[in-house]
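Here the structure comes first, spelled out in structure tokens, and everything after it is commentary.
Note: hydrogens, waters and symmetry copies are ignored here, and every other heavy atom, side chains too, is used. Every chain is numbered from 1 and lettered A, B, ... according to where its sequence line falls, protein lines coming before strand lines.
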Amino acid sequence: MPTLKAVRGTRDLLPPETALWNRIETTARQVFARYNFGEIRTPIFEDTSLFARSVGEETDIVSKEMYTWEDRARAQSEKPQSLTLRPENTAGVVRAYIEHKLGETGQLQKLYYIGPQFRRERPQKGRYRQFWQIGAEVIGPPSAGSESPLRDAEVLEMLATLLDTLGIAGWTLELNSVGSSADRERYNQVLRAALVDVAPKMCVDCQRRVVTNPLRVLDCKVPEDQPIIETLPKIGDSLGQDSKDHFAQVTAALEAAGVPYHLNPRLVRGLDYYTRTTFEFTHGGLGAQNALLGGGRYDGLSEAIGGPKAPGIGFAMGLDRLVLTLQAKEADHSSASPQVADAYIAPLGEALNAPALTLARELRRAGLHIELGDGSFRLKKSFEAADKAARRIVILGEDELQSGILTVKDFASGIQTKVPCVELAAHLAKPGGA
RNA sequence: GCGGCAGUAGUUCAGUGGCAGAACGCCUGACUGUGGCUCAGGAUGUCGUGGGUUCGAUCCCCACCCGCCGCCCCA
């Protein structure tokens, strides 16, 4: 039997790397709390139709990237249910919002999530089939202010603060408005009409996009096509007055708060539910996967899946990509240092194993990080093991057991001291070097 | 899904159609209750998997798997 390995596009996260993951998650939770967001946890799989109706039947995500299967029918008379591993989390959050009638509270719901998502794409660095997203949604009835441009600006300001707090330097906020669904429909027609004449002069990918998804032409990176793209109508010109005013208030609030942004009229996003404000935070050094996070408004999403009017705005950040960015930054001063315990307890002889466990129990209950050795080790081996795992070694031999006075050696200073058992916890709680 | 590059020890990587290598790391001892430094010795392994060519394949060929780069798309 061939050895089993993690399936394509999935991976194990091991210590010490997981410490960085935890740091990022903890920071995110702290920042979200300051903005009064609460955590929501939705199921990892949902009814397939939830994603078809929200993300969009024609999107790449739904049409070719989902892990979908038929759940066994419970009875002969029942039809099997089509289930799907979530490819994103906004749909699940909005489904929960509707299901639990959160709109009936009359309050704005501010919810964040952290969890794995699944898309069957070709793996690459920064792109996995099981990947992690940290996201948040602000959603509620219009009477709660859910459509206010202030909410958009607040979310963007929060993201800028979160990235800064994490220590991610050099991010760029790409901002655009794709208008209401009516605006977008109008623009699609205008764009299609304009492309009829110029498309034959463009790259083969663009010629295909003209048919499949004209908005995507704007995203083309082929240098020869750029002059042509410049001549195409801008989505901003197709926006209704309401959309224009809304967007103007978002940018005005960002400027007032001092959040730098870059207007990008070509920013188009691949999920059908986005309306009006859309954005990405990008970062160089991620290669082709340069988007750290993306998001936008989804004013019609709730209705699309059978709920009440509940405009909202949200984002999803790629946790895997945050980790990559921070690892690249911290590469020179080895962020991957293994964790180091306060002390290593070295029992001398197997008869000391049980007393050593008791001592470790007391110290751990006092809040210390303790590594417990083994009495079968020779002292030299205990020292070697201790030096790798801890800042100090506590020697527990027959002498120490009889006298109740333990031998403690600090590795950084090389100083060895005798410490009475009752004072040991306090002694070890002090920083190293003494 | 398409195009390209790669896969050898725990890790980073050399290498060759004829016995599988280095560095670091690991283990043992010198040193029986004192680590790091030093010295002596030792083990690293299905050479990604399966076929083919060949007297003989880790090396050449094919397929597959996995990773990486670009495209597509996205976080």
A:Arg378: side-chain hydrogen bond (donor to acceptor under 3.5 Å, both in side chains) partners, not counting sequence neighbours: none
OP1 or OP2 of B:rU34 under 4.0 Å from side-chain N/O of A:Arg378: no
Qualifying residues under salt bridge (charged side-chain N to carboxylate O under 4.0 Å, His left out), relative to A:Glu65, sequence neighbours excluded: none
Plane angle bin for A:Phe32 and A:Phe315 - parallel if under 30°, tilted between 30 and 60°, otherwise perpendicular: tilted
Salt bridge (charged side-chain N to carboxylate O under 4.0 Å, His left out) against A:Arg184, all qualifying residues, sequence neighbours excluded: none
Sugar-phosphate or base contact per nucleotide [nucleotides 70-75 of chain B; S, B, -; heavy atom under 4.0 Å]: BBBBBB
Separation of the C1' atoms in B:rG3 and B:rC60, to the nearest angstrom: 24 Å
A:Arg122: partners by salt bridge (charged side-chain N to carboxylate O under 4.0 Å, His left out), with sequence neighbours left out: none
A:Asp299 and A:Ser180 side chains, donor-acceptor separation under 3.5 Å: no
Between A:Thr251 and A:Glu255, a side-chain donor and acceptor under 3.5 Å: no
Atom of A:Ala356, atom of A:Ile345 and distance for their closest heavy-atom approach: CB-CG2, 4.0 Å
Spacing of the P atoms in B:rG25 and B:rA6 (rounded, Å): 31 Å
Results of ring pair (Phe, Tyr, Trp, His ring centres under 6.0 Å) for A:Phe45 - residues two or more places apart only: A:Trp69
Sugar-phosphate only, base, or nothing, as touched by A:Thr407 at under 4.0 Å among non-hydrogen atoms: base
Integer angstrom distance from the P of B:rC2 to that of B:rC66: 13 Å
Shortest non-hydrogen contact from A:Ala385 toward A:Tyr344: CB-OH, 3.6 Å
A:Arg192: salt bridge (charged side-chain N to carboxylate O under 4.0 Å, His left out) partners, not counting sequence neighbours: none
Non-neighbouring partners of A:Ser82 that pass side-chain hydrogen bond (donor to acceptor under 3.5 Å, both in side chains), sequence neighbours left out: A:Thr48
C1' gap between B:rU16 and B:rC26, integer Å: 28 Å
Interatomic distance at P, B:rA9 relative to B:rU58, whole Å: 15 Å
Strand RNA chain B in bracket notation, Watson-Crick/G-U under 3.5 Å with | for pairs to another chain: (((((.(..((((....[..)))).(((((.......))))).....(((((..]....)))))).)))))....
Interatomic distance, A:Asp399 CG vs B:rU34 C1' [rounded to whole Å]: 14 Å
Euclidean distance for P, B:rU28 against B:rC69 (whole angstrom): 40 Å
C1' gap between B:rU8 and B:rG48, integer Å: 10 Å
Sugar-phosphate only, base, or nothing, as touched by A:Arg11 at under 4.0 Å among non-hydrogen atoms: nothing
Whole angstrom value for the distance that separates P of B:rC26 from NZ of A:Lys381: 12 Å
5'-most by nearest nucleotide on RNA chain B - A:Leu396 or A:Arg8: A:Leu396
Interatomic distance at P, B:rG33 relative to B:rG45, whole Å: 31 Å
Positions of residues 23-42 of chain A (non-hydrogen atom under 4.0 Å from RNA chain B), listed by number: none
Minimal non-hydrogen separation, A:Thr42 against A:Arg86, with atom names: O-NH1, 3.1 Å
Partner set under side-chain hydrogen bond (donor to acceptor under 3.5 Å, both in side chains) for A:Asp164, not counting sequence neighbours: A:Trp171
Side-chain donor/acceptor contact of A:Glu400 with base of B:rG33 under 3.5 Å: yes
Letter per nucleotide, 5' to 3', of nucleotides 35-43 of chain B [B base touched, S only sugar-phosphate touched, - untouched; heavy atoms, 4.0 Å]: BB-------
Ring geometry between A:Tyr67 and A:Phe118 (parallel below 30°, tilted from 30 to 60°, perpendicular above 60°): perpendicular
